[in-house]
Structures are given as C-alpha cells and as structure tokens.
Amino acid sequence: MKRNEFSYRAPRGTSDILPREQGYWRYVEERAHAICQLHGYQRIETPIFEDTRLFVRSIGEETDIVAKEMYSFPDRSGAMMTLRPEGTAPVCRVYIEHGMHNLPQPVRLYYIAPIFRYERPQAGRYRQHQQFGFEAIGDGNPALDAEVIDMAWQFYHSLGLRGLWLKLNSIGCSSCRPSYLESLKGYYAERIERLCPDCRRRLVQNPLRLLDCKKESCVDIKESAPRSIDHLCPRCQDHFQSVEKYLALLDLPFNVDHRLVRGLDYYTRTVFEIQPQGEEGAQSTLGGGGRYDDLIEQLGGKPTPAVGFAAGVERIILNLKRQNIAAPVPPQPDVFISYLGEEAKDKAIEYGSRLRREGIGAILASSGRSLKAQLRQANALGMSYAIIIGEEELGEGKVTLRDMVSGEQRQMSFEDAMKSLKEKQ
RNA sequence: GUGGGCGUGGCCAAGGGGUUUAAGGCGCCAGGUUGUGGCCCUGGAGAUCGAGGGUUCAAAUCCCUCCGCUCACCCCA
C-alpha cells in the first residue's frame with residue numbers, strides 16, 4: 001500500500017467485517033432470530049439516528065454515554081440528531097408512537113442493530129458495534145423478568161458458550177431507591193477522605209457506581225456499604241423474591257451481586273448481567289439488561305412497566321473463538337466453468353446462467369488463462385465440480401464434467417451434466 | 001480523558017548505523033511442451049522500512065515531534 005499520500009482507513013473503533021468473518025456473524029444472528037421466534041418476539045427496525053433528546057431523557061444526563069460518548073450533530077435544519085447509542089429508548093419511542101398499548105400486552109420486540117459510542121477502542125469495545133436486544137413492554141410481572149433472563153441465557157447456550165456467570169441484583173424503584181441512595185451517600189460521605197479521586201466524583205455524580213470501584217483502597221469500604229436489597233420497599237422485595245424463585249425454578253445458576261449496577265439511569269428493580277467466569281474487568285460483559293418500569297412514562301407514554309436485555313455481537317464472537325467454537329462455513333457455489341477460446345466462452349456464459357436458474361451455484365473462470373490456471377483457481381476456491389469446454393467438446397456438442405475431489409471426469413451433453421449435478425446437490 | 005506496548009510488501013516476519021540494489025515464509029500471477037487442479041520445482045509482480053524533521057561522510061537501524069494500531073483504566077455490549 002502506498003503511504004506517501006493520504007490513505008483511507010476504517011474510522012477509529014470501527015471495523016470491516018470481511019468474508020472470512022461472516023460465518024460467525026451469520027451464526028450469531030441466526031441463533032438470535034431463532035431464540036426470538038421461540039419466545040414470540042417480533043423484529044423491529046428503527047432509524048440509525050434519532051432526536052438527541054430521546055437519548056438524553058432516557059439514558060440520563062449524568063451518564064457517561066450522554067455526557068461524553070454520543071455522536072451528535074445538527075442536521076441541515078439545525079435539529080440535533082444522535083446516532084443510536086443504545087437500543088431500548090428507540091423501541092420505547094416506537095411503542096408510544098405507534099400506540100402499541102392497544103396490542104395484547106406485553107408487546108414482545110427484538111432488534112439487531114448497530115450502536116454508536118465515542119469511546120477509546122480496546123478489546124471487545126468499539127465505536128460502532130452490533131447489539132442484539134429484546135424488550136417485553138407492558139407487563140410488570142416478575143415472571144417476565146425471568147422469561148427475559150432465561151431467554152438471554154438460552155441464547156448463549158444455543159451458541160455453544162459455556163462457563164458463564166449470571167449476576168442478579170435489584171436496585172429498587174422510584175419510591176425506595178432515593179432513600180437507599182441517601183443512605184449510600186451518607187455512608188460514603190463519612191469516609192470521603194479515604195476515597196480515591198474517582199469515587200469522590202462518583203459520590204456526587206453517580207453514587208450507584210461507587211459500588212463498582214476496583215481500587216484496593218476502596219474495596220473494604222465497599223464491602224460493608226449499604227446494600228440496595230436491604231432497602232427495597234415491600235413491593236420491590238416481593239418482586240425480587242419472585243424473580244429469584246422463578247430463576248431457581250428454571251435451573252438458572254444465578255448469583256446475587258449486591259454491587260451490580262448499570263450505566264443507564266432508566267433501570268428499576270431487576271438488573272442482571274451475563275459474563276464469562278473469572279473475567280472481572282476487561283470488557284467481559286457479554287450482555288445485560290433489566291427492568292425499566294418508568295421509562296415509557298418518562299418519554300410521554302402512559303405508565304407502562306417493561307423489561308429487556310441487550311448483547312454485544314462482537315463480544316459473543318470473541319468468546320466463541322476463545323472457546324474454540326467454529327462457526328458453520330457459509331455455503332458457496334459448487335460448479336466451476338472453465339473454457340478455452342472465444343466460442344467456448346459464449347457457451348460458458350450461457351451454461352453458467354442456466355445452471356444458476358436451476359439453483360446450482362456456478363462460477364466462471366477468468367478469461368484468457370490456461371486450463372491449468374483455471375483448474376488451479378477452481379481448486380483454490382474449493383469447488384466440488386468443474387465443467388470444461390474446449391474445442392473437443394464444442395465439436396461433439398458436449399461438455400466435460402470433472403469431479404474435483406476424485407479427479408474422475410467424462411464427456412456428456414450439457415443437459416446430462418446439469419441433471420447429474422442436480423442429483424448430487 | 002489517563003497510562004503501557006507496537007508500527008519493515010496483502011499477511012507473518014529477519015535485520016538494531018556502512019557488506020541491503022531491505023532476507024525468508026504464506027498468499028498472488030506465470031511456466032515446468034501441444035487442453036487438466038491439489039504435492040514438488042522455477043520465475044515474476046509487489047516496500048520510497050507509518051509520516052515529518054534532526055544527528056552523521058553514511059539511518060529501516062540513533063534522537064525529537066506527529067499520526068496510526070493495540071492493551072489496560074474509566075465506562076459499557
């Protein structure tokens with residue numbers, strides 16, 4: 001590659017998904033569609049950008065995502081738009097905008113879509129990544145929390161991933177969380193002189209994240225910090241116990257993690273994450289979700305409880321590779337058509353098209369190469385059969401059909417060759 | 001935003017001031033007699049050694065700046 005002038009490259013934090021990677025993508029997406037179909041979730045696609053206010057209101061002004069990670073821009077009319085930094089808010093917008101409260105509740109929806117966040121890229125973290133997510137809107141029953149969590153778990157299982165941890169917590173609702181936050185802040189305020197700089201900032205901006213600090217100095221403070229589940233109101237307590245009961249019923253090996261909090265403000269009650277065992281930091285989270293009972297109302301709808309989940313496709317593929325799980329190879333055409341001379345080329349073009357019209361995949365050789373070179377190409381492409389058209393075949397009105405695995409070949413009419421290929425499919 | 005590592009043909013890489021007109025391997029293209037692949041052999045194309053500046057008689061090799069990639073923190077999928 002010439003580098004003495006400007007050379008174009010994919011923008012930082014983005015990547016090209018080359019043909020050799022497509023097998024993994026297809027595999028993951030097929031499993032995603034399958035698990036959704038199994039649970040009655042219907043696909044939805046929303047615009048890649050939305051009114052900036054949708055995300056600010058839902059995710060929360062103080063969150064990192066809104067404060068410093070959004071791709072926002074004014075369009076030509078001056079309206080502020082933002083490249084979707086998460087998938088839930090747009091789905092809620094759709095629910096409200098299209099009057100989905102008139103459908104049988106809950107409404108079950110899923111999406112597979114690109115997500116954009118301006119972050120420093122590293123392993124498993126990109127500025128554009130693909131998320132698979134699903135949402136059940138319009139039902140506050142804990143059975144639905146369990147359904148969503150089970151669905152997430154079965155999704156990973158169906159991909160062949162093993163050794164995962166399911167972490168669960170409840171962060172309360174709008175009636176009990178404020179008092180919990182007060183008690184948390186009070187606890188930390190008393191110990192402020194021992195806190196790391198990050199935690200001092202969190203104390204003001206995002207107290208829940210105090211529980212997530214990994215610094216040595218803050219660990220023992222964290223250990224005896226007030227827990228959200230000890231401050232739940234009776235209804236949240238009931239809800240959480242039911243979720244636990246259902247998960248046990250479903251045989252899901254979950255662990256209650258009192259320090260599990262999530263980075264988006266809209267969560268209430270149930271929050272959960274799934275990650276590979278023994279990988280604490282380092283972008284290990286494979287997916288996560290929770291309940292967001294106030295969000296629809298916040299966005300202008302009627303009070304409507306909801307619960308959802310989202311997974312990062314790139315991280316799933318990373319873990320498939322770590323666990324040596326190979327993706328199925330996408331199918332490819334199986335007949336290679338080689339020819340010698342202009343007259344044979346006409347036939348080759350015609351026959352290639354006729355094969356494809358019969359559903360038999362075919363690739364034409366490149367013009368002007370020796371038969372040797374043509375067959376070398378067929379071999380390199382991994383073709384199962386080759387059709388050869390040269391002077392001999394033209395004279396007889398036939399073609400040579402060669403089996404590229406056994407090396408056997410024989411002349412026959414094109415019609416017979418096509419019939420034989422069809423049988424072998 | 002903070003910190004560490006790294007930048008030699010499409011990919012993997014040797015070389016750490018002059019013997020480099022920059023090894024080798026993979027891949028690509030072509031040939032090994034007249035129309036036949038996979039193995040082997042031979043040849044070819046492809047790099048101003050990330051960019052700019054400096055030191056020196058001499059720089060891919062030393063110094064500086066920038067850019068890019070990568071990993072970790074922060075945060076998250």
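Quick caveat: nothing in here was measured; it's all calculated off a predicted structure. Side-chain atoms are counted along with the backbone in the values below, which use heavy atoms only and exclude waters and symmetry mates. Here is the naming used below: chain letters follow the sequence lines, and residue numbers restart at 1 for every chain.
- Between Phe155(A) and Phe309(A), the gap from one ring centroid to the other reaches at least 6.0 Å.
- Using a 4.0 Å heavy-atom distance criterion, Gly407(A) is classed as a base contact.
- What separates CZ of Arg20(A) from P of G27(B) is a distance of 14 Å, to the nearest Å.
- One P atom belongs to G43(B), the other to U48(B), and the distance between them is 25 Å to the nearest Å.
- Remark: Gln122(A) is in phosphate contact with A72(B), judged by side-chain N or O atoms under 4.0 Å from OP1 or OP2.
- In this structure, G43(B) forms a base pair with C29(B), meeting either the Watson-Crick or the G-U wobble geometry with both donor-acceptor distances under 3.5 Å.
- If you check every strand for non-hydrogen atoms under 4.0 Å, Ser338(A) touches nothing.
- Annotation: cation-pi geometry not satisfied between Arg53(A) and Phe55(A) (NZ/CZ under 6.0 angstrom from ring centroid, within 45° of ring axis).
- Ile388(A) comes within 4.0 angstrom of a base, heavy atoms only.
- At the heavy-atom level, Val261(A) lies nowhere under 4.0 Å from the strands shown.
- Nucleotide C73(B): paired with G1(B) (Watson-Crick or G-U wobble, both distances less than 3.5 Å).
- Comparing the P positions of G54(B) and C11(B) gives an interatomic distance of 30 Å, to the nearest angstrom.
- If you check every strand for non-hydrogen atoms under 4.0 Å, Gln377(A) touches nothing.
- Looking at Arg369(A), its side chain never comes within 3.5 Å of a backbone N or O of Gln377(A) through a donor-acceptor pair.
- One atom, CD1 of Ile317(A), and another, P of A77(B), lie 18 Å apart when rounded to the nearest Å.
- The side chain of Arg376(A) sits closest to A30(B) out of G35(B), A77(B), A30(B).
- Rounded to a whole angstrom, the distance from the P atom of G27(B) to that of A51(B) is 28 Å.
- Here, A59(B) and A22(B) have their P atoms 15 Å apart, quoted to the whole Å.
- Rounded to a whole Å, the CG atom of Asn379(A) is 12 Å from the P atom of C29(B).
- Pairing partner, A59(B): none, since no Watson-Crick or wobble contact has both distances short of 3.5 Å.
- Put simply, CG on Leu375(A) is 16 Å from C1' on A30(B), counting in whole angstrom units.
- The cationic group of Lys347(A) does not satisfy the cation-pi geometry with Tyr339(A), failing either the under 6.0 Å distance to the six-membered ring centre or the 45° limit from the ring axis.
- Look at the C1' atom in both U21(B) and A60(B): the space between them is 15 Å, to the nearest Å.
- One finds no side-chain N or O of Arg125(A) lying less than 4.0 angstrom from the OP1 or OP2 phosphate oxygen of A72(B).
- A cation-pi contact, defined as under 6.0 Å to the ring centre and within 45° of the axis, links Arg127(A) to Tyr118(A).
- Residue Arg402(A) is in base contact, counting any heavy-atom pair closer than 4.0 Å across all strands shown.
- For the pair Ile112(A) CD1 and A77(B) P, the computed distance is 17 Å after rounding to whole Å.
- In this structure, Glu393(A) reaches the bases: a heavy-atom distance under 4.0 Å links it to at least one base atom across the strands shown.
- Base pairing annotation: A22(B) forms no Watson-Crick or G-U wobble pair, as no partner gives both donor-acceptor distances under 3.5 Å.
- Residue contacts shown for Gln409(A) include a base, since a base heavy atom lies under 4.0 Å away.
- Across all strands shown, Glu314(A) has no heavy atoms under 4.0 Å from either base or sugar-phosphate atoms.
- As rounded to whole Å, 12 Å separates atom C1' of C39(B) from atom NZ of Lys372(A).
- At the phosphate of A30(B), OP1 or OP2 sits under 4.0 Å from a side-chain N or O atom of Arg369(A).
- Residue contacts shown for Phe132(A) are absent, as no nucleic acid heavy atom lies under 4.0 Å away.
- Distance from the side chain of Leu371(A) is smallest to U36(B) among G31(B), U36(B), A77(B).
- Of the nucleotides present, C67(B) is the one that pairs with G7(B) by Watson-Crick or G-U wobble criteria, both distances under 3.5 Å.
- In this structure, Ile171(A) and Arg177(A) approach most closely via the heavy-atom pair O-CD, 3.1 Å.
- When rounded to the nearest whole Å, the span between CZ of Arg120(A) and P of G3(B) equals 9 Å.
- In this model, the phosphate group of U36(B) is not approached by any side-chain N or O of Thr400(A) to a distance below 4.0 Å at OP1 or OP2.
- In terms of phosphate contacts, Arg12(A) brings a side-chain nitrogen or oxygen within less than 4.0 Å of OP1 or OP2 of C69(B).
- What you find for Pro90(A) and Arg84(A) is that their closest heavy atoms are CG-CD, 4.4 Å.
- Judged by distance alone, the side chains of Glu86(A) and Tyr266(A) do bring a donor and an acceptor atom under 3.5 Å apart.
- Evaluation of atom-type donor-acceptor distances gives no pair under 3.5 Å for the side chain of Arg9(A) against the base of C67(B).
- Between Ile389(A) atom CD1 and U36(B) atom P the separation is 17 Å, expressed in whole Å.
- Ala373(A) comes within 4.0 angstrom of the backbone, heavy atoms only, and of no base.
- Nucleic acid contact for Gln130(A): none, since no nucleic acid atom lies under 4.0 Å from a heavy atom of the residue.
- A58(B) and U2(B) have their P atoms separated by 38 Å, given to the nearest Å.
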